[in-house]
Structure formats: structure tokens, C-alpha cells
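To keep things clear, I will list the structure first and then write my remarks on it.
Basis for what follows: all heavy atoms, side chains included, without hydrogens, waters or symmetry-related copies. Letters A, B, ... are given to chains in the order of the sequence lines, protein chains preceding strands, and every chain is numbered from 1.
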Protein chains: 2
Amino acid sequence: MTRARTFDPSTTLSQVVDLFASKGYSETSMEDIVQTTGVSRYGLYGTFGNKRELFEQALERYAEGMGKQSFLRLLEPGASLDHIRKIFDDRVADICCSEANRGCLFIHTAMELAPQDEELRGVLQRFMKRISKAFAIGLDSAKGRGEIHKDVDVDKAGELLTSSMFGLVVLGRTGFPRETLEGIVDSTLNSLKSAPVD
Amino acid sequence: MTRARTFDPSTTLSQVVDLFASKGYSETSMEDIVQTTGVSRYGLYGTFGNKRELFEQALERYAEGMGKQSFLRLLEPGASLDHIRKIFDDRVADICCSEANRGCLFIHTAMELAPQDEELRGVLQRFMKRISKAFAIGLDSAKGRGEIHKDVDVDKAGELLTSSMFGLVVLGRTGFPRETLEGIVDSTLNSLKSAPVD
DNA sequence: ACAAAATCAGAACGTACGTTCTGATTGTTA
DNA sequence: TAACAATCAGAACGTACGTTCTGATTTTGT
């Protein structure tokens, strides 16, 4: 009937995710996106809407990717502490040694946009609660395997792990060496093996 | 000899700190600063230099304020776990219940500027190391008082606390309730009371 | 009181951005 | 093959920003 798109919206969105994840919302211009993706403004606006809407879709995709890539296996039976550890290791590797200086779209959203954008704040809260819940489920499974202490409150510990993950990213962004971050991960996860006090 | 400044650079800088701490670098315009401080552009540029240099001084002041207000007492003899807990409580109160939506200048710097600004990244690293060290010294004192387990590596634990603090701010920014953050603080600090594993 | 010098408020300038518009191009259908 | 319709590249537009400039104002020392 007519000329077809010359780009694949899905792969374009992936590239946009990378841009936003490394530079945040304000520091990423539409010109950046046009240059990086090779997609025309016409294509971008026609397919994704304006910058704000594009960001929202990128955030959704980012969360989806984190879920499929990292957190989904925590929901499966047999999830272990090593699965949780792997999530942190991947995160550390992602931050420290990437040429792309990849950051974290969640933190960028929380710091840049969440306070003034109620909708995005709600989206972000949902994602973070989902992450905490996934951690909690994984921890519960790990508890069943005797890998963490039986008295650990997995819901609270899940929130703690979520918070820890963000703290790590902040440290990684300021250039702390990988060993430092790995040490923090070790301490955090090992603390789950002891009996909680109070 | 000549007309004097009509503003106090020190209090002006404090106001600028608040602005940058809540909205970050890019989202804070010089016009915002002029309006909030009531200081003319002439005065701002003449006293502090350009926006980037003003930000650097604000960051320095911010760190100084955090030190004097929170971390200095950790260096004094007799520092206890409660002193550390108070730092976290203050932080939580600062984030959750402020009308000003006060954020964290360190995180904003880490996410917005650090990757591309080597100098600021260095400054930020120094501040964060100082915080970790202060935590470590406080923890060492707390250990002497029998408040945390004797086998805790205070240096590593100091880095963990620093990282945790940032994670908390990110969660606070996305609107999580105060109780959630307080629960994380409790878990984090209580984990120092048990014997570390491995 | 007067002159000098630094202040202030705001206009002015150049740049960069998000968004829209336009003419040319392309691919598909009839 | 001819024509239509949606595409593309990039120009164009309005806005907002950081920074500089300007004329009026104010304060201090003589």
C-alpha cells in the first residue's frame, strides 16, 4: 500500500534505553537519539510520541529487560542465593567495566523525574516493588535450601537488597573500583546467613 | 571606597545548595538561582564564577555541612552505634517528609556529572571515601563498646553503610513511605551485631 | 557634596533544545 | 507502469538556557 518503515521499533527502543540509561533524561537530546539510532525525527515521533512518552516506553522496556534477564529466575522453584548473587555480579559488571558508562534508568528516573512526575513515580514504584518481591521470593527459596538464616524476614530483606543495588550503582558511577563493590555485595549477602537481632 | 555587596555569599551558597540538592544540575537554571536567592546575575557570576563553578562550590559546601552536622561526631571518642543510627534517621527524615523534596547532591553529581567530569568525579570520590572512613571509625568505636560484633571488618562495613545511605535516598525519591526506609535502616544496622560469615 | 567604582536589574546575544513542517523519495497496490 | 501515501532528511520555529553587556543606582572616601 505504501512505503514501510525502514527501522525496527523494538531494536530502536533498545538503543534508546541504552542512551537514557547512561545519560539520563535531560542530558539525552532527541538529536542524540536520531544520531545513535539512525531513525528520523519523523519516525521517532510517529512511532513513540514525544520525548517524554519515548522515555516512558524506554523505562518500561528497561524494566522488562531486567526482569527477563535477571529476576525471572528468582520466581522459579529452586532459586538459590547464588541466583541473587549473580544479579548483583551482573549489575556490578554492567556498571564498572562498560565502555558505554551504562548507568541505571531507575535511578535516573528517581532523581530527575519522579518528584515532579506523578505518573512516572507510580511506574517506578511498581517496578521497585516488583524487584523487592522477586528478591523476597528468591530469598524464601534460598531459606528453604538452608542458604540464609531461617529467621530472616524475606520481605524486609528484599527491600534491603533493592536499596543496596541502587547504592552500588551510585558508587560505581563515581568510579569506585570493582573490588570495592564486590566487597559490599559480599557483606550484604553474607549478612543474610546470620541470625537477625532484635 | 565603593558600593558593597547586598548579599551574603555564604547564605546565598546555602540556598544554592538546596536548589541543586533537590533538582540536580541541569534542572536548576541560573534564573531559578536568581529568583530563589534574590541575587543578581552580576553578583552570582562575580562571586562564584559560572554555573559549573558555582555547583562545585555548592558541592563542597554540601559535603562540609554533612560532615559538621552528621559525621564529625563519629570521629570523637565514645561514638556509638546510635550516632550512626541518627545519621540514617536524619537522612530518612530529610528525604521523606520535606516539602522541599530535598534529594542528595552526591547522587545527583554521581548520576549527572561524574562520568563526564573527571574533576567532579575526583571530588566526589574523596567525599565518599571520607564518609566511609568516618563510618568505619564510628563502627570501631561502637565495636569497643560491644555494640557490634567484634569480627566485623569496619572498613568494609563503612563502605556498605555509605552505599546503603545512597540506596535509601533513591527509594525515598521514588516515594516509598518512611516506614519502609526505617525498616531497611534497622536491618542494615542490626546485621552488624551478628557474627559475619565466611 | 562630589566623584569614582562597583553594584544592581534586566536587556541582549548566541546556542541548543523539542517539536513541527516541507519538499523530495520510496515502495506498494491497482 | 502509474499513482498514491507514508516515509525520510533536514530546514524552520519557538522557547529556554548560560552568559555577557548596559545604563542607572548606590555607597564610600575625600
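- The neighbour count for A:K133 NZ, taken as heavy atoms of other residues, nucleotides or ligands under 6.0 Å away, does not exceed 12.
- Whole-Å rounding puts the A:Q35 CD to C:dA16 C1' distance at 14 Å.
- Of the side-chain N and O atoms in B:T6, one or more sit less than 4.0 angstrom from OP1 or OP2 of C:dC8.
- Taking the charged nitrogens against the carboxylate oxygens, B:D82 and B:K86 have no contact shorter than 4.0 Å, which rules out a salt bridge.
- The shortest non-hydrogen separation linking A:L75 to A:A134 is CD2-CA, 3.9 Å.
- Looking at A:T47 and A:L13, their side chains never come closer than 4.5 Å, going by heavy atoms from C-beta outward.
- Residue A:F7 contributes atom CZ, which lies 10 Å from atom P of D:dA9 at whole-angstrom precision.
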Pairs under 3.5 Å (N/O, protein and nucleotides 17-21 of chain D):
from   : atom 1 : to    : atom 2 : distance (Å)
D:dG18 : OP1    : B:K51 : NZ     : 2.5
D:dG18 : OP2    : B:M30 : N      : 2.6
D:dT19 : OP2    : B:Y45 : OH     : 2.9
D:dT19 : OP2    : B:K51 : N      : 3.0
D:dT19 : O5'    : B:Y45 : OH     : 3.4
D:dT19 : O4     : B:R41 : NE     : 3.3

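- The CG-P distance, from B:L44 to C:dA6, rounds to 19 Å in whole Å.
- B:G43 comes within 4.0 angstrom of the backbone, heavy atoms only, and of no base.
- A donor-acceptor pair shorter than 3.5 Å cannot be found between the side chains of B:S80 and B:R85.
- Side-chain atoms of B:Q57 and B:E53 form no donor-acceptor pair, as typed in the model, at a separation below 3.5 Å.
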